[in-house]
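Atoms considered below: every heavy atom in the structure, side chains included; atoms not considered: hydrogens, waters and symmetry mates. In each ligand, atom 1 is the first atom listed, and ligand 1 is the first ligand listed. Computed from a prediction, not measured in an experiment: that's the story for all the values here.
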Amino acid sequence: MAAPTEPGPCYLGWDFSTQQLKVIAVDEQLRVIHENNINFDKDLPEFGTQGGVCVHNDRLTVTSPVLMWAKALDMILEKMKSDGFDFSRVKALSGAGQQHGSVYWKEGANCILQSLSPDLPLHQSLKSCFSLSNSPVWMDSSTTTQCCFLEKAVGGAQKLADVTGSRAYERFTGNQIAKIYSQNPEVYTQTERISLVSSFAASLFLGAYAPIDYSDVKFGNVKLCWSAAKSSGMNLLQIREKVWNPACLDACAPALGKKLGHPAPSSKILGSISPYYIQRFGFNSGCKVVAFTGDNPASLAGIRLAEGDIAISLGTSDTLFLWIKEPKPALEGHILCSPVDPQAYMALLCYKNGSLMREKIRDELASGSWEEFSKALTSTAVGNDGNVGFYFDVMEIIPEAVGIHRFNTHNNRIPIFPKEVEIRALIEGQFMSKRIHSEKLGYKIFHGICEAVLQHHISMPTTRILATGGASCNKAILQVLSDVFSAPVYTIDTANSACLGSAYRAIHGLVEETSVSLTDVVKLAPEPRLVATPMAGVAQVYQPLLKRYMELEQQVLNRPK
Ligand code: XUL
């Protein structure tokens, strides 16, 4: 009888996202062999988060407890162990984190990280390691003062965009650090190192401070070459030279460069896993930790965005990525380097009122049931009989507006919609906004065929919409997406594209030196599946409606807050 074959090596991809910690293991053939998750609200109720965050009384400040993330890691590893997961098979791991969020390590924390006792859970060893226990996250919009100051300090919004890739955004880390420095200078002084959520997570595995990666990156408005084309969503990095910009650093806080450390490429092997995980969970001592990156670049790798595609991630934040060959200046959105193709770029639009808004309306009008929600959606007509709605529970990024605004077919404001109309208005509105604003970045449809737009030199011979994130499991929602964009919608088998992309990046990290590209690594992965095609006649319905939506958006914007 043939001896049973040894299970081969595998790779872990982590995602420290807003509401959950998620992990996926893939084998050498890129098959998913294990998935697990910890939901912060449900599994760690002692931290009192809602949707993984705490919204403060001013409604603008949004934070997450840093020890919650450490405890979640401990918990998920224990869960994997009790599910019989064999950690000794893991050859490399990488991960992603929600972008922009920051972690403040107290003086001496690196020494504690380097000598973690395997007898204690992570959060217990780390409890004295942070100078700030509540980390600001990407949903925070409390730093308008700091944004104005930074833009002024470097010579205006455009100048800041030219240098760092973006005008000042409230959620960007530099402005968050500036707020902490001005409001709590003693916290800043006690801080030895500032990490992004992604590099914080990498530090936990490495048992030492991990560098911030170049690809947790946004750079807008400039055409750059690949080698110099990365920076983070921080408003701090000089994107051409890949060094911190002294004027930006000085405008935010003193001696900031030292606290941030030197950034590193996102495919870099940072080192071997900390002995803590070898002793506690049975990891192999040769297991490599590849730099962690932002959730959006990781997602792009996971869904294998190709030339001509649009990706829409329907998660806590809704994000939309476009494949771009030659980025041109735009006043909204961001341009990122494609982590898949060195010659390409991705444009990114980010919406704050994604899943949480959909879940709120589902809870209020559909008894918390997606089934009931979907039924209501399919029972209403395409175009919602001219009813249009804007649903911004928190201050939106695109457009900068807040509140719920409903308009009937005569463009009159009305206070309430019937349940079914409200549900369709929410979903159609979310997708009309994405279509309108992606068209501003270059997406366009000619005669039913999605093609490039010339202004931004986007080449789109055969556009596919690749949907990912939690809501990409919902067929009724994806049908509306397909109708509004007049394009076919595809999904991949897992909604966790950031985890999957991270697992692919872990493999890539190991082979990168042999000049195998990430594109070659992901070639083995299964092709996305077609799940929705546009219904007949939808283009005629949405053409006038999109125009109206755009005009109504101006009204919503102009209304005093
Ligand atoms: C992107 C952004 C969000 C976060 C959370 O700019 O703020 O997508 O990365 O997922």
Next item on the list: Please work out whether the ring planes of Tyr351 and His437 are parallel, tilted or perpendicular, with thresholds of 30° and 60°.
Entry: perpendicular
Check: Evaluating non-hydrogen atoms only, which member of Gln99, Met139, Arg171 is closest to atom 7 (O) of ligand 1?
Finding: Arg171
Check: Any chance NZ of Lys259 has more than 12 other-residue heavy atoms, nucleotides or ligands included, within less than 6.0 Å?
Finding: yes
Check: Just distances here: any N/O of Thr18 and N/O of ligand 1 closer than 3.5 Å?
Finding: no
Notebook entry, point to check: Looking at Phe292 versus Trp14, is the centre-to-centre ring distance below 6.0 Å?
Noted result: no
Note to self: If the cut-off is 4.0 Å to any non-hydrogen atom of Thr319, which atoms of ligand 1 fall inside it?
What the structure shows: 8 (O)
Margin query: Give the atom numbers and elements of ligand 1 that come within less than 4.0 Å of a heavy atom of His100.
Written below: 1 (C), 2 (C), 6 (O), 7 (O)
Next item on the list: State yes or no: are the ring centers of Tyr549 and Phe390 separated by less than 6.0 Å?
Entry: yes
Check: How are the rings of Phe205 and Phe16 set relative to one another: parallel (under 30°), tilted (30 to 60°) or perpendicular (over 60°)?
Finding: perpendicular
Item checked: Winner among Ile397, Asp295, Asp15 once heavy atoms are compared against atom 5 (C) of ligand 1 -> Asp295
Notebook entry, point to check: Considering only heavy atoms, does Asn296 approach ligand 1 within less than 4.0 Å through its side chain, its backbone, both, or neither?
Noted result: side chain
